[in-house]
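Accompanying notes for the structure given below.
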There are 2 protein chains.
Amino acid sequence: MSKETFQKRITQLRTFLSEQGRLPSYSEMCELFKVKSKQAVARVVDKLIEHNLVEKDSAGRLIPKGIKGGARLVGTVQAGFPSAAEEELCDIMSLDDFLITNHVASFLLKVSGDSMIEAGIQPDDLVLLERGKQPSKGDIVVAEVDHEWTMKYYEKVGGKTVLKPANKNYPTIVPKEELVVAGVVTAVIRKYH
Amino acid sequence: MSKETFQKRITQLRTFLSEQGRLPSYSEMCELFKVKSKQAVARVVDKLIEHNLVEKDSAGRLIPKGIKGGARLVGTVQAGFPSAAEEELCDIMSLDDFLITNHVASFLLKVSGDSMIEAGIQPDDLVLLERGKQPSKGDIVVAEVDHEWTMKYYEKVGGKTVLKPANKNYPTIVPKEELVVAGVVTAVIRKYH
DNA sequence: TTGACAAGTGAACGATCGTTCACTATACTT
DNA sequence: AAGTATAGTGAACGATCGTTCACTTGTCAA
């Protein structure tokens with residue numbers, strides 16, 4: 001099979017996966033690849049496994065691996081875009097898998113206010129929170145302090161926990177009564193429209 | 001079936017999905033749910049479809065819908081965390097699906113330099129680019145200008161395209177020879193470690 | 001206590017699954 | 001031109017798929 005044909009079929013699989021949420025069966029791949037025999041498909045699948053794009057479970061069912069839903073990570077802004085030829089070599093990265101390490105404890109909150117603007121967190125950004133994680137000095141946390149919710153830097157001053165904004169127009173918060181850290185910010189996501 | 005049992009089973013499905021990359025078959029759900037009959041599973045599936053968590057394709061195979069890999073979107077920072085009781089009601093959002101609208105034309109680049117710092121884009125952030133999209137005034141673009149790659153605001157001054165940084169220490173770029181817009185920034189992603 | 005509904009059992013169904021067989025067609029090398 | 005992999009064909013296989021049957025058990029309200 002030519003390299004171009006193989007790449008085209010990977011794209012077809014990727015499209016099917018993102019549309020159907022699963023990999024096609026062998027018969028479905030026959031239609032997809034315009035071939036009439038499952039044996040032909042089986043050879044393609046073997047090649048996919050060689051390239052670490054899919055896996056097989058114990059019953060022979062296909063599990064997506066390198067072929068998942070994310071975007072290609074291709075380099076840096078300075079280096080610019082790779083040529084079309086290099087593109088295919090790059091890793092596909094699922095943003096879900098990349099950002100979310102603890103599925104059950106992760107939440108998204110929309111940012112309101114500009115108290116963390118100097119940390120590059122703007123109003124209407126989304127922050128990914130991991131609940132129950134122990135915050136370290138300098139982490140950004142979402143906390144309930146004196147019955148109000150806020151997002152700030154988690155800092156220690158003289159053995160006492162304080163919450164520092166990343167905006168010089170706001171004061172550092174020294175909790176009077178109670179400080180409940182609800183979660184640690186593990187990622188920031190901003191989408192442009 | 002009690003509400004708690006149902007929620008537990010949704011969690012089991014979600015775990016299976018994120019581990020195996022697919023939804024379990026009816027027999028596998030029998031083991032997963034600790035029941036012995038597929039009829040029992042079929043009723044659970046019907047309930048999942050009612051709640052819009054999964055779909056069935058024409059052949060009866062299950063397609064994940066509301067049950068996908070993302071994180072729960074639960075509100076705003078000001079409002080804080082919902083109570084544990086409310087949590088389950090929230091939408092699960094796949095970050096892949098949310099951020100990436102055009103799979104084949106989307107790429108990730110790592111940001112180098114601080115020329116967009118005032119737009120909340122810091123060094124080592126990731127930007128999601130859509131290649132080939134027509135930029136509008138005010139969009140952030142990655143472009144090759146006079147043989148160098150850079151990320152800037154896309155602006156028009158007197159009918160001519162210029163690239164403005166979001167950092168007052170950098171000058172506006174007026175392209176001398178050529179300006180090639182490689183892609184428009186559609187999202188910014190920052191991960192803390 | 002009884003009745004009604006929900007949840008689970010166990011067995012059967014045709015359809016499709018992934019695998020494997022022997023064979024043919026195409027492409028490329030020597 | 002002959003030889004050799006590579007790619008595709010077509011048919012068969014047992015296993016598992018999702019569906020459906022009649023039936024039993026569990027739960028809660030009247």
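So you know, we letter chains A, B, ... as the sequences are listed, proteins then strands, and number each from 1.
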Q.
If you apply the rule side-chain contact (heavy atoms from CB on, under 4.5 Å), what do you find for B:Val45 with B:Tyr26, and how did you get there?
A. CA-CA 9 Å; B:Val45 171; B:Tyr26 281 52; 3.7 Å; yes
Q.
Does anything in residues 113-126 of chain A form a salt bridge (charged side-chain N to carboxylate O under 4.0 Å, His left out)? List the pairs, not counting sequence neighbours.
A. A:Glu118-A:Lys168, A:Asp125-A:Arg190
Q.
Going by salt bridge (charged side-chain N to carboxylate O under 4.0 Å, His left out), name the pairs with one or both residues in residues 133-144 of chain B, residues two or more places apart or in two chains.
A. none
Under-3.5 Å N/O pairs linking protein and nucleotides 20-28 of chain D:
| from | atom 1 | to | atom 2 | distance (Å) |
| --- | --- | --- | --- | --- |
| D:dC21 | N4 | B:Gln39 | OE1 | 3.2 |

Would you mind reading off the distance between [X] atom [atom1] and [N] atom [atom2], rounded to a whole angstrom?
{"X": "B:Asp57", "N": "D:dC17", "atom1": "CG", "atom2": "P", "value": "15 Å"}
{"X": "B:Glu55", "N": "D:dG18", "atom1": "CD", "atom2": "P", "value": "16 Å"}
{"X": "B:Met29", "N": "D:dT16", "atom1": "CE", "atom2": "P", "value": "17 Å"}
{"X": "B:Leu32", "N": "C:dG8", "atom1": "CG", "atom2": "P", "value": "14 Å"}
{"X": "B:Glu50", "N": "C:dA6", "atom1": "CD", "atom2": "C1'", "value": "13 Å"}
{"X": "B:Glu31", "N": "C:dT9", "atom1": "CD", "atom2": "P", "value": "13 Å"}
{"X": "A:Leu62", "N": "D:dT16", "atom1": "CG", "atom2": "P", "value": "17 Å"}

Q. Same cluster or not: are B:Val185 and B:Ile117 linked, directly or through other Ile, Leu, Val, Met, Phe, Trp or Tyr residues, by side-chain heavy atoms under 4.5 angstrom apart?
A. no
Q.
D:dG8, OP1 or OP2 - any side-chain N/O from A:Lys34 closer than 4.0 Å?
A. no
Q) So does A:Arg61 get a side-chain nitrogen or oxygen closer than 4.0 Å to the phosphate oxygens (OP1/OP2) of D:dT16? A) no
Q: Using side-chain contact (heavy atoms from CB on, under 4.5 Å) as the criterion, list what pairs up with B:Gln12, not counting sequence neighbours.
A: B:Lys8, B:Arg9, B:Leu32, B:Phe33
(Q) If I compare all heavy atoms of A:Val162 with all of A:Pro175, which pair ends up nearest, and what's the gap? (A) CA-CD, 4.3 Å
Q: Side-chain contact test, heavy atoms from C-beta onward, threshold under 4.5 Å: evaluate it for B:Glu130 versus B:Thr101 and give yes or no.
A: yes
(Q) Show every side chain to side chain donor-acceptor pair (under 3.5 Å) that has at least one partner inside residues 154-165 of chain B, sequence neighbours left out. (A) B:Lys156-B:Thr161
Q: List in numerical order all residues of residues 20-28 of chain A for which some heavy atom is under 4.0 Å away from an atom belonging to DNA chain D.
A: none
Q. Do the side chain of A:Glu50 and the main chain of A:Lys47 share a donor and acceptor less than 3.5 angstrom apart?
A. no
